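Note that the structure is predicted; figures quoted are calculated from it, not measured.
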Amino acid sequence: MEINLKNNLPLDILFLIRIKANEFKSEGVQEINASDIKEYLYQIKWKNTDALSMCDIIDDIMSLRFSEVFDYLKLKVIKEASTLNLDDFSELITK
């Protein structure tokens with residue numbers, strides 16, 4: 001069964017993503033949630049893909065390691081910070 005990634009994901013896939021987030025939490029990784037995982041999948045893993053089989057989607061989610069999502073989020077923060085100027089960090093600097 002092919003899943004069009006341009007449409008909303010089926011509920012069972014969204015549920016699987018939440019299960020993966022809970023798995024990370026049980027391993028002590030509290031900061032990565034289902035939204036982060038979904039964003040990583042769309043922005044990195046499935047970036048240039050319009051559709052995937054249900055089996056490939058499930059495999060991508062189940063084989064996902066928290067370090068992959070963490071590295072993505074780390075780069076995202078660095079890119080966002082690079083667009084700011086020094087005044088945006090004044091609250092951090094004065095502490």
Asp36 to Glu31 - nearest heavy-atom pair and separation
OD2-O, 3.3 Å
Ile17-Met54 co-clustered via ILVMFWY side chain contacts under 4.5 Å:
yes
Hey, does Asn33 have a side-chain heavy atom less than 4.5 Å from the side chain of Ile37?
no
Do you know the tightest heavy-atom contact between Phe66 and Glu27?
CD2-OE1, 4.5 Å
Contact between Ile3 and Met1 at the side-chain level, heavy atoms closer than 4.5 Å - yes or no?
yes
For Asn8, is the CG atom crowded, meaning more than 12 foreign heavy atoms sit under 6.0 Å from it?
no
Does one hydrophobic cluster hold both Leu16 and Leu11, with members joined at side-chain heavy-atom distances below 4.5 Å?
yes
Path from Leu75 to Trp46 over hydrophobic side-chain contacts below 4.5 Å:
no
Would a distance-only check, ignoring hydrogens and angles, find a side-chain to backbone donor-acceptor pair under 3.5 Å from Lys20 to Met62?
yes
CD1/Ile44 to CG/Asp60 distance, rounded to the nearest 0.5 angstrom?
12.5 Å
What are the two closest heavy atoms between Lys25 and Ile32, and how far apart are they?
NZ-O, 3.6 Å
Do Arg65 and Phe70 have side chains that approach each other closer than 4.5 Å (heavy atoms only, starting at C-beta)?
no
In terms of hydrophobic clustering (I, L, V, M, F, W, Y; side-chain heavy atoms under 4.5 Å; direct or indirect links), are Leu14 and Leu52 co-clustered?
yes
Identify the two heavy atoms, one from Lys76 and one from Glu39, that lie closest to each other, and give their separation to 0.1 Å.
NZ-OE2, 2.8 Å
Looking at side-chain heavy atoms only, is the closest gap between Ile61 and Ile58 below 4.5 Å?
no
Looking only at heavy atoms, the pair that brings Lys38 and Leu9 closest together is CE-CD1, 4.3 Å
Between Tyr40 and Glu68, a side-chain donor and acceptor under 3.5 Å
yes
List the atom of Ala51, the atom of Glu2, and the distance in Å for their closest heavy-atom pair.
CB-OE1, 3.4 Å
Are any side-chain N or O atoms of Tyr42 and backbone N or O atoms of Leu5, one a donor and one an acceptor, separated by less than 3.5 Å?
yes
Starting at CG of Leu73, measure out to CD of Gln43 and round the result to the nearest 0.5 Å.
11.0 Å
